[in-house]
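In listed order, ligands and their atoms are each counted from 1. All residue numbers refer to positions in the sequence shown, counting from 1.
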Amino acid sequence: MEKTTRQVETKSAAETQALAAKLAAEMPAGTVLCLHGELGAGKTCFVQGLAKALGVRRAVGSPTFTLINEYRGTKPLAHVDLYRVRGAADAFGLGLEDYLFHFDGIVAIEWAERIADLLPADCWHVNLAPGADEGSRLVTWVRGAADAK
Ligand SMILES: Nc1ncnc2c1ncn2[C@@H]1O[C@H](COP(=O)(O)OP(=O)(O)OP(=O)(O)O)[C@@H](O)[C@H]1O
Ligand SMILES: [Mg+2]
């Protein structure tokens with residue numbers, strides 16, 4: 001099925017979170033969401049929006065050192081940050097397969113391209129790029145294949 005790419009310019013971190021919250025409502029359990037964009041692009045900010053939408057009470061930070069944080073919400077949320085992972089070989093042993101293929105919630109992965117070969121075929125992809133000014137971002141996304149319209 002043809003996948004449609006959509007794009008919105010957000011004018012603030014709050015707008016990026018609101019967009020994430022809106023999209024969270026369309027993500028079934030089992031969704032793997034790959035987040036792309038440079039340092040400071042807003043990937044963690046986007047995950048914070050997902051967390052809010054799922055009613056997660058704990059503050060969502062960056063799992064840079066732990067690599068994977070799990071949160072309880074209306075659906076479980078797993079937040080993975082692969083910045084320190086150089087490739088699939090490095091990722092081996094993190095238990096990622098369980099998150100990629102058997103997680104009953106939403107799995108959001110920063111720097112997902114580091115494990116491109118391991119990703120399921122039907123991931124959602126969200127890319128964040130600098131916008132026209134300091135506080136704006138171009139957010140581009142493609143839904144997972146299973147529910148692409
Ligand atoms: N429109 C916007 N959308 C998202 N974040 C924005 C926006 N405008 C400004 N910001 C700011 O940009 C920063 C984004 O930081 P964030 O930690 O989310 O980036 P990141 O992509 O996760 O970086 P890293 O790769 O280091 O983990 C925050 O300080 C946020 O307030
Ligand atoms: Mg981050």
Side-chain angles (χ1 to χ4, degrees), residues 3-101 103-120 122-144:
K3 288 203 203 178
T4 312
T5 302
R6 291 176 204 272
Q7 187 175 69
V8 158
E9 182 168 15
T10 61
K11 300 287 189 191
S12 65
E15 278 191 30
T16 295
Q17 291 186 357
L19 174 64
K22 195 185 96 180
L23 294 177
E26 300 171 25
M27 295 177 194
T31 294
V32 175
L33 167 64
C34 303
L35 287 153
H36 309 278
E38 292 306 313
L39 290 168
K43 301 179 294 297
T44 298
C45 177
F46 191 96
V47 178
Q48 289 163 342
L50 293 177
K52 267 189 212 167
L54 297 173
V56 171
R57 298 217 203 126
R58 263 168 69 208
V60 173
S62 175
T64 303
F65 296 99
T66 50
L67 294 174
I68 304 173
N69 284 343
E70 245 185 89
Y71 300 92
R72 249 186 276 173
T74 49
K75 285 190 198 87
L77 173 67
H79 182 194
V80 183
D81 190 329
L82 300 177
Y83 182 63
R84 283 183 164 65
V85 166
R86 293 295 145 197
D90 242 11
F92 208 74
L94 293 176
L96 273 176
E97 302 82 357
D98 284 344
Y99 288 97
L100 295 175
F101 298 102
F103 190 68
D104 187 31
I106 295 176
V107 184
I109 310 177
E110 299 191 34
W111 300 98
E113 55 275 12
R114 301 265 157 101
I115 56 157
D117 293 346
L118 302 180
L119 294 170
D122 63 346
C123 293
W124 284 58
H125 289 275
V126 171
N127 185 68
L128 294 119
D133 59 65
E134 179 93 26
S136 69
R137 301 289 188 273
L138 281 175
V139 187
T140 309
W141 71 94
V142 182
R143 286 176 165 72

Worksheet item: Where on Glu15 is there a heavy atom closer than 4.0 Å to ligand 1, on the side chain, on the backbone, on both, or on neither?
Response: neither

Practice prompt. Any pair with a residue in residues 18-45 that passes ring-ring contact (aromatic ring centres under 6.0 Å, His included), sequence neighbours left out, goes on the list, sorted by first then second residue, please.
Written response: His36-His125

Worksheet entry | Check: Thr16 N/O within less than 3.5 Å of ligand 1 N/O | yes

Worksheet item: When only distance counts, is Gly135 in polar contact with ligand 1, meaning an N/O pair under 3.5 Å?
Response: yes

Worksheet entry | For the Mg ion (ligand 2): the N/O/S atom of Glu110 at shortest distance | OE1

Worksheet item: Is there a heavy atom in Gln48 that sits closer than 4.0 Å to ligand 1?
Response: no

Worksheet item: Short list, please: which atoms of ligand 1 are under 4.0 Å from a heavy atom of Cys45?
Response: 4 (C), 5 (N), 18 (O)

Worksheet entry | Heavy-atom nearest neighbour of atom 19 (O) of ligand 1 within options Ala20, Gly42, Gly61 | Gly42

Worksheet, complete the sentence: Ala24 and Ala53 have their tightest heavy-atom pair at CB-CB, 3.9 Å

Item to complete: Could you pull out all residues at least two apart from Gln48 that satisfy side chain to side chain donor-acceptor pair (under 3.5 Å)?
Response: Gln17

Worksheet item: Which bit of Ser62 gets closer than 4.0 Å to ligand 1, counting heavy atoms only: side chain, backbone, both or neither?
Response: neither

Worksheet item: Between the candidates Asp81, Leu39, Thr44, which shows the shortest non-hydrogen contact distance to atom 22 (O) of ligand 1?
Response: Thr44

Worksheet entry | Separation between CG of Leu82 and CG of Leu94, rounded to the nearest 0.5 Å | 7.5 Å

Discussion item. Considering Ala13, Pro130, Gly40 one by one, which has a heavy atom nearer to atom 23 (O) of ligand 1 than any of the others?
Written reply: Gly40

Discussion item. Measuring only between side-chain heavy atoms, which start at C-beta, is Val126 closer than 4.5 Å to Thr140?
Written reply: no

Worksheet item: Does Trp111 reach ligand 1, in the sense of a heavy atom lying below 4.0 Å from it?
Response: yes

Item to complete: Rounded to the nearest 0.5 Å, what's the gap from CD on Gln7 to CG on Asn127? Could you check?
Response: 9.0 Å

Fill in: Side-chain heavy-atom pair His79, Thr44 within 4.5 angstrom cut-off
yes

Discussion item. Please list, in number order, the atoms of ligand 1 under 4.0 Å from a heavy atom of Ser12.
Written reply: 1 (N), 2 (C), 3 (N), 7 (C)

Discussion item. I'd like to check whether Thr10 has a polar contact with ligand 1, where a contact means an N/O of the residue lying under 3.5 Å from an N/O of the ligand.
Written reply: yes

Worksheet item: Can you tell if the side chain of Leu23 reaches within under 4.5 Å of the side chain of Leu50, non-hydrogen atoms only?
Response: no

Worksheet entry | Atom indices of ligand 1, in the order listed, that fall short of 4.0 Å to a heavy atom of Glu38 | 21 (O)

Fill in: Qualifying residue, where the test is side chain to side chain contact (heavy atoms under 4.5 Å, CB included) with Val80 and the options are Leu96, Leu100, Ile115, Leu67
Leu96

Worksheet item: Does Thr44 bring an N, O or S atom to under 2.8 Å of the Mg ion (ligand 2)?
Response: yes

Fill in: Arg137 near ligand 1 by a heavy-atom separation under 4.0 Å
yes

Discussion item. Could you check whether atom CG of Asp133 has more than 12 heavy atoms from other residues, nucleotides or ligands sitting under 6.0 Å from it?
Written reply: yes

